[in-house]
Amino acid sequence: MERYITIDKYIDSKIRVFKYQTPHDIGIICTDTEVMQKITSECKNKFQSKFITYKTSEHLSGNNFLNLPGSHNLQNITAAYLTCKQVGLNDEQIISSIKTFKGLEHRLENVLELPEVKFINDSKATNADATEPALKTFTNIYWLAGGVPKEGGIEPLSLYFSKIKHAFFYGQARHEFAKTYSEAGFNNFTVLDTFKQAFETSAHSAFSNGKSTSTQNVVLLSPACASFDEFKNYEQRGKIFGDMAKSLKL
């Protein structure tokens, strides 16, 4: 809604995706939200193509797609599944192929997994909206957040603060993030100057806790920030995170 004056303007923009389809074409729309239900209704009223609608919970929920965690990924997987069904592929072909897809770099990428801790690179998450799926997906989170802050900071994520075992705030955003986190009623955080300090502290803390409690913790890089205070882009930030995880001496 930062880009549109009203929700109706947003809907008008999205339904253009289907504007030039013919009666022989197919539109596939997820109806998990009220907005998407309204988009579906508008499309069916205005356009001639065939529309297939779905709710994420209606398909594939019994399958375990380990490389693509989270409800947002399942929503996308379901769209791909329904697309493949339209061209004649069967469930076994589709599901086995999905399970071979490793996901994309810097988007909930599992870069290293040990019994005590796994390291998730979500460096592409450069604002709070992008970080939300990561906090929704995982538990036992040791959260790395920081860099150059975006408007709104991390306040929209306060609903998920209770899921975080410990937060590590670094870079330009560190004091702003710590203030927001503290004002939400949480004191399980550490403020550090640099990304390297935050990584090393979080990794050792997560590993030690995992070993003593026989719990697998998650060191999650989902910074909710731009990377330009220490890195040239989010890709470099994510690569360095992965390299540090793989070379870490625990």
Are any side-chain N or O atoms of Asp122 and backbone N or O atoms of Ser222, one a donor and one an acceptor, separated by less than 3.5 Å?
no
Test side chain to side chain contact (heavy atoms under 4.5 Å, CB included) applied to Asn67 and Lys99, step by step:
CA-CA 7 Å; Asn67 294 321; Lys99 288 182 176 180; over 6 Å; no
Exactly one candidate in Leu220, Leu221, Thr201, Val219 meets side-chain contact (heavy atoms from CB on, under 4.5 Å) with Phe168; the answer is Thr201
Joint cluster assignment, Ile26 & Ile29, ILVMFWY side-chain distance < 4.5 Å
no
Using a 4.5 Å cut-off on heavy atoms from C-beta on, say whether the side chain of [Y] contacts that of [X].
{"X": "Asn188", "Y": "Phe161", "result": "no"}
{"X": "Lys196", "Y": "Glu230", "result": "no"}
{"X": "Thr83", "Y": "Tyr81", "result": "no"}
{"X": "Phe195", "Y": "Ser227", "result": "no"}
{"X": "Thr180", "Y": "Ser158", "result": "no"}

How about [X]: does its [atom1] atom have over 12 heavy atoms from other parts shown lying under 6.0 Å from it?
{"X": "Glu58", "atom1": "CD", "result": "yes"}
{"X": "Lys85", "atom1": "NZ", "result": "yes"}
{"X": "Lys239", "atom1": "NZ", "result": "no"}
{"X": "Lys165", "atom1": "NZ", "result": "yes"}
{"X": "Glu155", "atom1": "CD", "result": "no"}

Sequence-distant partners of [X], salt bridge (charged side-chain N to carboxylate O under 4.0 Å, His left out), two or more places apart:
{"X": "Lys102", "answer": "none"}
{"X": "Lys46", "answer": "Glu42"}
{"X": "Lys179", "answer": "Glu183"}
{"X": "Arg237", "answer": "none"}

One pair to check against side chain to side chain contact (heavy atoms under 4.5 Å, CB included): Leu104 and Lys124. What are the steps and the verdict?
CA-CA 10 Å; Leu104 301 177; Lys124 182 70 168 62; over 6 Å; no
Does Phe18 have its ring centroid less than 6.0 Å away from the ring centroid of Phe47?
no
Apply ring pair (Phe, Tyr, Trp, His ring centres under 6.0 Å) to Tyr160 and list each qualifying residue two or more places apart in sequence or on a separate chain.
none
Determine whether Glu105 and Glu235 satisfy the following criterion, side chain to side chain contact (heavy atoms under 4.5 Å, CB included), listing intermediate values before the conclusion.
CA-CA 8 Å; Glu105 289 183 319; Glu235 290 101 331; over 6 Å; no
Cut-off 3.5 Å, side chains only: do Asp25 and Ser49 have a donor facing an acceptor?
no
Heavy-atom pair with the smallest gap, counting every atom of [X] and [Y]:
{"X": "His166", "Y": "Thr190", "result": "NE2-OG1, 2.7 Å"}
{"X": "Thr137", "Y": "Gly70", "result": "OG1-CA, 3.3 Å"}
{"X": "Thr131", "Y": "Ala125", "result": "OG1-CB, 3.5 Å"}

Side-chain donor-acceptor pairs of residues 169-177 under 3.5 Å, sequence neighbours excluded:
unit_1, atom_1, unit_2, atom_2, d
Tyr170, OH, Gly146, O, 3.2
Arg174, NE, Asp193, OD1, 3.4
Arg174, NH1, Gly171, O, 2.7

Before you tell me yes or no, could you show the steps for Phe207 and Tyr142 under side chain to side chain contact (heavy atoms under 4.5 Å, CB included), namely the whole-Å CA-CA distance, both residues' side-chain angles and the distance that decides it to 0.1 Å?
CA-CA 10 Å; Phe207 179 80; Tyr142 287 71; over 6 Å; no
